[in-house]
Amino acid sequence: MFTAVDKQHNLVTANEYTRESQCYCPGCREEVIFKKGEIYQAHFAHKNNSRCQMFSEGETAAHIEGKLLLYHWFKKEEITVELEAYLPVLNQRPDLLIQYNGVSVAVEYQCSPISIEKIRSRTAGYVQNNIKVIWILGEKLKVNKTLSTRHYDYLFVNKSGAFTLFQLNEKKQQLEVITDIRCSNAGQAFKRSRVDFDDDIFYVKKIVEQPNHNRVPVVKSRINEEKNLYRLSYYKDKRARRFFELLYCNDMHIKTLPDVLFYSVSKEWFIRTLSYQWKLIIVMWLDELHPTQVITDAGLSRKIKEWENEGEIIFHYLPDIKHSVLIQPLFQFMDLLCNKGYLNEIAERKWVRTETIL
């Protein structure tokens, strides 16, 4: 741990410690020892017989330097910030705890991989105690060309339901802000903004609070996608097994699938299920309905919940978002079906089928 307290309960940081007084763990109040070596940064550590689990030992130089970089940035911007503040209700301490517009925000600077269970447990703990959490990724975890599913647990969602991922470039002293995450004909796209630590931190707020653009669906190359589906079929890929079962049981073939299934909607990255599978499930359901039957927002939401319970559609875990946000890609697909003439929106979020799709 980087911080300790002295006998007068004053906070002491490892890089300022002069060895003049004994220090104690801010959480368990046990006596701690000061360490400084060639590999690890200066830090405080519990004695060998300690049972304290509140503070990790031996932080790497990258973690401490990044944490201090962020700490001094908040201080420069006159934002109330605490370093390694102990939260007894959670029995843990974030790297930084800031107070912003009357809201407590925990900032976790993550340099090394940790288990999904630990990330989700920490995030849930903060949220349940009305503390917002921002994860900032270090060099080993940062996004290069695309986000992987392991990045999803670190996402921050704003009031409009738009997602942001933060990562720190220590060498350039920049905060990288990834926004406008969407599917594209190339697979995935996003916007990357870079904020220097000399800049006003409120520029970050401006970036984060921007809503996602209303992206139009993009059509993929049917030839390439058919080749991909044939490849999945040949190798009997487990991800596509249910999709090919649907084709077989309903006497369908890849070549006869409607073109609308080969479009990507911007938020389909929310869904873990193969995109062709969940789109086909919707289309098959619509074709079974009577042409005069009105499909409502509530009715579609109930049907989606039914598909979830049956395991037909599986969503990725996305932190701290409502179910109504999670199912948005399916409503985007309904809008696409309207644009292609298969549905008619007779009122807001009310549709009737104009023709069969399959």
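Keep in mind that this is a model prediction, so the values were computed, not measured.
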Side chain to side chain contact (heavy atoms under 4.5 Å, CB included) between Phe270 and Ile327, worked out: CA-CA 8 Å; Phe270 290 10; Ile327 64 177; over 6 Å; no
Side-chain donor-acceptor pair present, Tyr71, Asp95, cut-off under 3.5 Å: no
Pairs involving residues 340-355, ordered by first then second residue, that meet side chain to side chain donor-acceptor pair (under 3.5 Å) (sequence neighbours left out): Tyr263-Lys340
Glu312 bridged to Arg242 by N-O distance under 4.0 Å: yes
Set of residues satisfying salt bridge (charged side-chain N to carboxylate O under 4.0 Å, His left out) with respect to Asp259, sequence neighbours excluded: Arg222
Side-chain donor/acceptor of Thr123 to backbone N/O of Ile119, under 3.5 Å: yes
Side chain Asn169, main chain Gln173, donor-acceptor under 3.5 Å: no
Ile181 CD1 to Leu147 CG distance, which is reported to the nearest 0.5 Å: 5.0 Å
Whether His151 side chain and Leu141 backbone form a donor-acceptor pair below 3.5 Å: yes
Exam field: side chain Gln332 to backbone Lys267, donor-acceptor pair closer than 3.5 Å: yes
Check: Asp199 main-chain N/O paired with Asp196 side-chain donor or acceptor under 3.5 Å: no
is_close_aromatic(Tyr109, His63), centroid dist under 6.0 Å: yes
N-O pairing of Arg182 and Asp180 below 4.0 Å: yes
Donor-acceptor contact below 3.5 Å, side chain His72 vs main chain Leu69: no
Check ion pair Glu226-Lys255 (N to O, under 4.0 angstrom): yes
Check against ring-ring contact (aromatic ring centres under 6.0 Å, His included), Phe244 and Tyr276: CA-CA 10 Å; Phe244 290 110; Tyr276 295 107; 9.6 Å; no
Beyond-backbone contact of Gln167 with Ile178, side-chain heavy atoms, under 4.5 angstrom: yes
